[in-house]
Amino acid sequence: MQSIQEFEKKIKRVLVTKEEIDAAIKEAGKKIDALYDGRPILLVSILKGAFVFMADLCRAITVPCEVGFMCAKSYYKGTVSTGIVQITMDLEQDISKYHVVIAEDIVDTARTLYDIVKLLKARNPLSLTVVTLLDKPSGRVVDYNPDISLFTIPNHFVIGYGLDCGEYFRNLPYVAEYNTEE
Ligand code: IMP
Ligand code: MG
């Protein structure tokens, strides 16, 4: 990134506002509370993209909640998925003792979640629920759908609220369409 002007030019238009995100997270928190009905959960953030979402979601949940982190790297050529997913940091908890709720930023091809869900299910958690902030159903390559998704979006590459392009834009408070033009 050469300059602030170049940076700002990449933000094409806002797709989901901060206010819409806040309201949807409140609702998702209520759904999780109702689902677990007072039972403690382990909320797992898939890094890096879901760190912002998880920080807000954990504060919308009232059941006892521990947090855990896993780092999955999805390799991209520019804005196109290469299909290579690597777990670069694993959970420290023995999840056989937990009701696990995975917080993910976005489901596109679904390769990342498919791999992570398979991995975690093999460890026999008490239960497993997947919550995603964004869902791009038109990008699916693998037959997998999250249990709760807050927003369904068209097949654009998006940035902000944890999501990056080349590691930038994660700190935008909203979700925006990325400008792929030079
Ligand atoms: P999937 O494996 O194709 O479902 O993609 C999963 C991961 O790729 C997500 O957790 C994101 O980190 C990243 N990703 C997918 N689509 C986008 C996007 O539009 N913008 C930024 N990151 C994305
Ligand atoms: Mg991610």
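- Atoms OG and CG, on Ser149 and Leu133 in that order, are 9.0 Å from each other to the nearest 0.5 Å.
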Inset, instruction - Kindly indicate, with the supporting measurements, whether the criterion side-chain contact (heavy atoms from CB on, under 4.5 Å) is fulfilled by Val67 and Leu42. - result: CA-CA 6 Å; Val67 294; Leu42 173 67; 5.8 Å; no
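- Partners of Tyr36 by ring pair (Phe, Tyr, Trp, His ring centres under 6.0 Å), not counting sequence neighbours, listed by chain and number: His99.
- Note that SG of Cys58 is 6.5 Å distant from CG of Leu43, once rounded to the nearest 0.5 Å.
- Taken from NZ in Lys9 to OG in Ser3, the straight-line distance is 7.5 Å, to the nearest 0.5 Å.
- Every residue meeting the side chain to side chain contact (heavy atoms under 4.5 Å, CB included) condition with Lys31, not counting sequence neighbours, appears here in chain and number order: Ile148.
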Inset, instruction - Determine, stepwise, if the pair Asp33 / Thr62 fulfils side chain to side chain donor-acceptor pair (under 3.5 Å). - result: CA-CA 6 Å; Asp33 281 346; Thr62 63; 2.9 Å; yes
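- No more than 12 heavy-atom neighbours from other residues, nucleotides or ligands sit within 6.0 angstrom of CG on Asp37.
- No donor-acceptor distance shorter than 3.5 angstrom exists from the side chain of Arg13 to the backbone of Ala176, with no hydrogens or angles considered.
- With hydrogens and angles disregarded, no donor-acceptor distance shorter than 3.5 Å links the side chain of Asp135 to the backbone of Thr152.
- The side-chain heavy atoms of Ile87 and Met70, taken from C-beta on, include a pair separated by under 4.5 Å.
- Ala28 and Leu150 make their closest contact through CB-CD1, 3.9 Å (heavy atoms, listed as atom of the first residue, atom of the second, distance).
- Two rings, from Phe7 and Phe169, have their centers less than 6.0 Å apart.
- The shortest side-chain heavy-atom distance between Leu172 and Tyr161 does not fall under the 4.5 Å cut-off.
- In the model, Tyr174 has no side-chain atom that pairs as donor or acceptor with a side-chain atom of Glu20 under 3.5 Å.
- Shown here is Glu92, whose CD atom has no more than 12 heavy atoms of other residues, nucleotides or ligands within 6.0 Å.
- Under the 4.5 Å side-chain heavy-atom criterion for grouping Ile, Leu, Val, Met, Phe, Trp and Tyr, Leu126 is not connected to Ile95 through any hydrophobic cluster.
- The environment of Asn155 atom CG is dense: over 12 non-hydrogen atoms of other residues, nucleotides or ligands sit within 6.0 angstrom.
- By the 6.0 Å contact criterion, CD on Glu167 is enclosed, its count of non-hydrogen atoms from other residues, nucleotides or ligands being greater than 12.
- Residues Phe53 and Ile25 have side chains in contact (heavy-atom distance under 4.5 Å, counting atoms from C-beta outward).
- With Asn179 contributing its side chain and Ile11 its backbone, the two residues share no donor-acceptor pair below 3.5 Å.
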Inset, instruction - Mind running side-chain contact (heavy atoms from CB on, under 4.5 Å) on Thr129 and Ile102 for me, showing each step along the way? - result: CA-CA 6 Å; Thr129 301; Ile102 298 179; over 6 Å; no
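- Side-chain atoms of Ile106 and Lys136, non-hydrogen and from C-beta on, do get closer than 4.5 Å to each other.
- Distance SG/Cys71 to CG/Leu91: 11.5 Å, rounded to 0.5 Å.
- Put simply, the side chain of Gln93 never gets that close to the backbone of Tyr98: no donor and acceptor are under 3.5 Å apart.
- Considering every non-hydrogen atom in both Val63 and Ile61, the closest pair reads CG2-CG2, 3.5 Å.
- Salt bridge status for Asp115 with Arg111: absent, with no side-chain N to carboxylate O gap under 4.0 Å.
- Taken to the nearest 0.5 Å, the OG1 atom of Thr132 stands 11.0 Å off from the CG atom of Asp147.
- The closest side-chain heavy-atom distance from Phe151 to Leu15 is not below 4.5 Å.
- Look at Lys30 and Glu27 and you find a salt bridge, because one of the NZ, NE, NH1 or NH2 atoms lies within 4.0 Å of a carboxylate O, short of that distance.
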Inset, instruction - Carefully, step by step, assess Thr109 and Arg140 under the rule side-chain contact (heavy atoms from CB on, under 4.5 Å). - result: CA-CA 4 Å; Thr109 65; Arg140 278 307 187 281; over 6 Å; no
Inset, instruction - Please step through side-chain contact (heavy atoms from CB on, under 4.5 Å) for the pair Val158 and Leu134, ending with a clear verdict. - result: CA-CA 10 Å; Val158 292; Leu134 305 170; 4.0 Å; yes
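- Summarising the geometry of Ala103 relative to Met54, their closest heavy-atom pair is CB-CB, 4.3 Å, with the distance given to 0.1 Å.
- For the pair Leu57 and Ile32, the minimum side-chain heavy-atom distance is below 4.5 Å.
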Inset, instruction - List the steps, then state whether salt bridge (Lys or Arg N to Asp or Glu O under 4.0 Å) holds for Arg123 with Asp90. - result: CA-CA 12 Å; Arg123 298 177 187 172; Asp90 205 344; 2.6 Å; yes
Inset, instruction - For Arg59 and Asp56, run salt bridge (Lys or Arg N to Asp or Glu O under 4.0 Å): C-alpha distance rounded to whole Å, both residues' side-chain angles, the deciding distance at 0.1 Å, then the answer. - result: CA-CA 5 Å; Arg59 285 174 288 178; Asp56 284 341; 3.0 Å; yes
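- Put simply, CD on Gln86 and NZ on Lys73 are 8.5 Å apart, with the number rounded to the nearest 0.5 Å.
- A 4.5 Å side-chain heavy-atom check between Asp105 and Ile46 finds every atom pair outside the cut-off.
- Of all heavy-atom pairs between Val107 and Pro146, the closest is CG2-CG, 4.0 Å.
- Under a 3.5 Å cut-off, the side chain of Lys48 and the backbone N or O of Gly162 do not form any donor-acceptor pair.
- Closest approach of Phe69 and Leu47 over heavy atoms only: CB-CD1, 3.8 Å.
- Scanning all heavy atoms of the two residues, the minimum distance from Ala72 to Thr112 falls at CB-CG2, 4.0 Å.
- Under the 30°/60° scheme for interplanar angles, the aromatic rings of Phe157 and Tyr178 are found to stand perpendicular.
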